[in-house]
Trainee: 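Structure in structure tokens, see below.
Here is how names work: the chains are called A, B, and so on, in the same order as the sequence lines, proteins then strands, and each is numbered from 1. Reckoned from all heavy atoms, side chains included, excluding hydrogens, waters and symmetry mates.
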There are 2 protein chains.
Amino acid sequence: MQYQGQTRILVAVDCIIFGFDGEEIKLLLIQRGFEPRVRDWSLMGGFLKPDENLDEAASRILYELTGLKEVYLEQLMSFGQLDRDPVERTVCVTYFSLINIHKYEKQITDSFHADWFSINNIPRLIFDHVKMVNEAKIKLRYKAALHPILFELLPEKFTIPQLQNLYQQVYDTEFDNRNFSRKLLSTGLLMKLGEKDKSSSKKGAFYYQLDKEKYKQNFQAFLNLIPNPDKFLL
Amino acid sequence: MQYQGQTRILVAVDCIIFGFDGEEIKLLLIQRGFEPRVRDWSLMGGFLKPDENLDEAASRILYELTGLKEVYLEQLMSFGQLDRDPVERTVCVTYFSLINIHKYEKQITDSFHADWFSINNIPRLIFDHVKMVNEAKIKLRYKAALHPILFELLPEKFTIPQLQNLYQQVYDTEFDNRNFSRKLLSTGLLMKLGEKDKSSSKKGAFYYQLDKEKYKQNFQAFLNLIPNPDKFLL
DNA sequence: TCAAAAGTGTTCGAATTACACCCATGG
DNA sequence: CCATGGGTGTAATTCGAACACTTTTGA
């Protein structure tokens, strides 16, 4: 049984994948392997299959192209401009993903002609992918101002200066390190480890780890790490 | 030219329409006119046509069923569970809308078997529409905690007690009226009128009006009207 | 005259900001 | 021994929460 007289349309799923290399926020892009616009850079995407729902499609696409499972993945929004794909009318549901860049294996990058690009230096993208990236950046700022999601971008063990740098990149500003670490530690979400990371200073910075339990429980809590958040939202 | 070997799918657009009658938050629902589940209550929706984009489809649907144009309409999210529509696989893009209930003409309600339901007393809905409504409620709380969108639910002229009541309904709590009006007026978004509304008290409450210019400019501003917002978000 | 809602100010405590110095270490 | 980044404490201020009384007027 079917609905009569209605038009069926291609549905695509595209993923905006963020990473952080310790210096900059990065975006994972692939070089398109088919026409039109072969070799142009593009978000990772694919068509929705008849036997999968939207979240499954996003996970599949992410897995096919990065080999990663169980990563942070959240629906962003849908795009349906008539001419957004020159080949054929396609409605696109986008997801944004935060991944630990170090878990991402290099060989996959190679085999799919994928590459990380600094968020501030994105190449020309196909279709309306730039608009998608911009929406994702806005949502990332929103969400990260209220929820501790940026931990998803870091390795298991990280230092406070690393984390501060990450926030500074996301909000494109500088924070006072004393206030930052005080607020951060006051959340009780972090556990200090014995080790130090000596890669970025002679003194070394202590590693911390997320308290997974509290992280899950407090996910809905405000993290008021960002002073004057209204400066940065939308 | 078309993409080969891909499945095309029905795309629907459903609208979650909020109103406020001065007492309660309401939801506009229609009685479905066709099988399956004829006469069951449903969100207003329709299928995406080949010549319209998503926003246009949502506006059209809203217009067809309420006669209203230029109302607050924002994409919520998309739903794609395999079995969400028993007739045929359908991906649904939802929008939520805030309308001034008094602008909504009664005759249209009648002709479409539509009706307003208190948000706290929603009838059984078809498919996954309850899930959609819940997502919309969450998003409404989020958005209204950061942006002055609830004015969209009120008439041109409104009183501060009315507005406070609206916020109290949205967040299902009570606010201190002294703090509320102080914060509200400090935004500079409101202009006091000479008239009073005497319908709800003997003393009467002054009408206010939005300063449209400032409203547009300050749309991105926090309205910290809600104490402890983290209690209410998500 | 009284009941019922509108309107207004102050005080207190907490939270946020601004700010400067010592520490540890590798070179 | 010194340059570099890591780490900590305090004072001043702002901001938000709590709280109670007066006003108006229709019934």
Side-chain angles (χ1 to χ4, degrees), chain A residues 22-23 145-146 154 157-169 171 173-209 218 221-233, chain B residues 22-23 145-146 154 157-169 171 173-209 218 221-233:
Chain A
E23 302 286 318
L146 306 179
L154 292 171
K157 299 186 301 185
F158 51 85
T159 67
I160 292 184
Q162 274 168 23
L163 188 61
Q164 179 171 347
N165 184 233
L166 171 54
Y167 273 87
Q168 292 181 163
Q169 295 303 318
Y171 294 99
T173 188
E174 301 211 336
F175 299 121
D176 182 286
N177 60 341
R178 298 164 289 222
N179 294 334
F180 185 86
S181 72
R182 180 154 24 84
K183 286 181 186 180
L184 185 67
L185 294 172
S186 77
T187 64
L189 254 48
L190 296 191
M191 301 186 311
K192 190 174 189 170
L193 302 179
E195 287 172 272
K196 277 188 166 186
D197 165 37
K198 299 243 184 176
S199 67
S200 63
S201 77
K202 323 204 165 172
K203 184 176 178 181
F206 278 104
Y207 278 118
Y208 285 79
Q209 208 175 9
N218 291 8
F222 268 81
L223 265 192
N224 52 347
L225 289 173
I226 292 101
N228 307 315
D230 52 330
K231 270 192 211 157
F232 307 109
L233 299 188
Chain B
E23 301 287 316
L146 305 179
L154 292 172
K157 298 187 301 184
F158 51 85
T159 67
I160 292 184
Q162 275 169 22
L163 188 61
Q164 179 172 348
N165 184 235
L166 171 53
Y167 273 87
Q168 292 182 161
Q169 296 303 317
Y171 295 99
T173 189
E174 301 210 338
F175 299 122
D176 183 285
N177 61 341
R178 300 164 289 219
N179 294 334
F180 185 86
S181 71
R182 180 157 24 83
K183 286 181 186 180
L184 186 66
L185 294 172
S186 77
T187 62
L189 254 48
L190 296 190
M191 300 185 312
K192 191 175 189 169
L193 303 180
E195 289 171 89
K196 277 188 167 186
D197 166 37
K198 298 241 183 180
S199 67
S200 64
S201 77
K202 325 206 165 174
K203 184 177 179 180
F206 278 105
Y207 279 118
Y208 286 79
Q209 206 175 11
N218 290 10
F222 267 81
L223 266 193
N224 53 344
L225 289 172
I226 293 100
N228 306 315
D230 51 330
K231 271 193 208 156
F232 306 109
L233 299 188

Trainee: Among C:dT8, D:dA18, D:dG5, which is the nearest nucleotide to the side chain of B:R182?
Mentor: D:dA18

Trainee: Roughly how far apart are B:Q169 CD and B:E23 CD, rounded to 0.5 Å?
Mentor: 8.0 Å

Trainee: Can you tell me the distance, in whole Å, between the CD atom of A:Q164 and the C1' atom of D:dG7?
Mentor: 12 Å

Trainee: With heavy-atom distances below 4.5 Å as the criterion, would you say the side chains of B:L185 and B:I160 are in contact?
Mentor: yes

Trainee: Which atom names give the shortest non-hydrogen contact between B:F175 and B:Q164, and what distance separates them?
Mentor: O-NE2, 2.9 Å

Trainee: Please compare B:K196 and A:I160 by the position of their nearest nucleotide in DNA chain D and report the one closer to 5'.
Mentor: A:I160

Trainee: Rounded to whole Å, please give me the gap between NZ in A:K198 and C1' in C:dC23.
Mentor: 12 Å

Trainee: Confirm from the modelled atom types if A:N179 and C:dA18 form a donor-acceptor pair under 3.5 Å, side chain to base only.
Mentor: yes

Trainee: Can you figure out which of C:dT8, C:dA6, D:dG7 approaches the side chain of B:S200 most closely?
Mentor: C:dA6

Trainee: Are more than 12 heavy atoms from other residues, nucleotides or ligands located less than 6.0 Å from atom CD of B:E174?
Mentor: no

Trainee: Rounded to whole angstrom units, what separation is found between the CZ atom of B:F158 and the P atom of C:dA6?
Mentor: 15 Å

Trainee: What is the separation between atom CG on A:D197 and atom P on D:dT4, rounded to the nearest whole Å?
Mentor: 19 Å

Trainee: Side-chain N or O of A:K202 versus OP1/OP2 of D:dG6: is the shortest distance under 4.0 Å?
Mentor: no

Trainee: Measure distances between side-chain N and O atoms of A:R178 and base N and O atoms of C:dA18, and say whether any donor-acceptor pair falls under 3.5 Å.
Mentor: no

Trainee: Any donor-acceptor pair, under 3.5 Å, between the side chain of B:K203 and the base of D:dT25, if you only look at N and O atoms?
Mentor: no

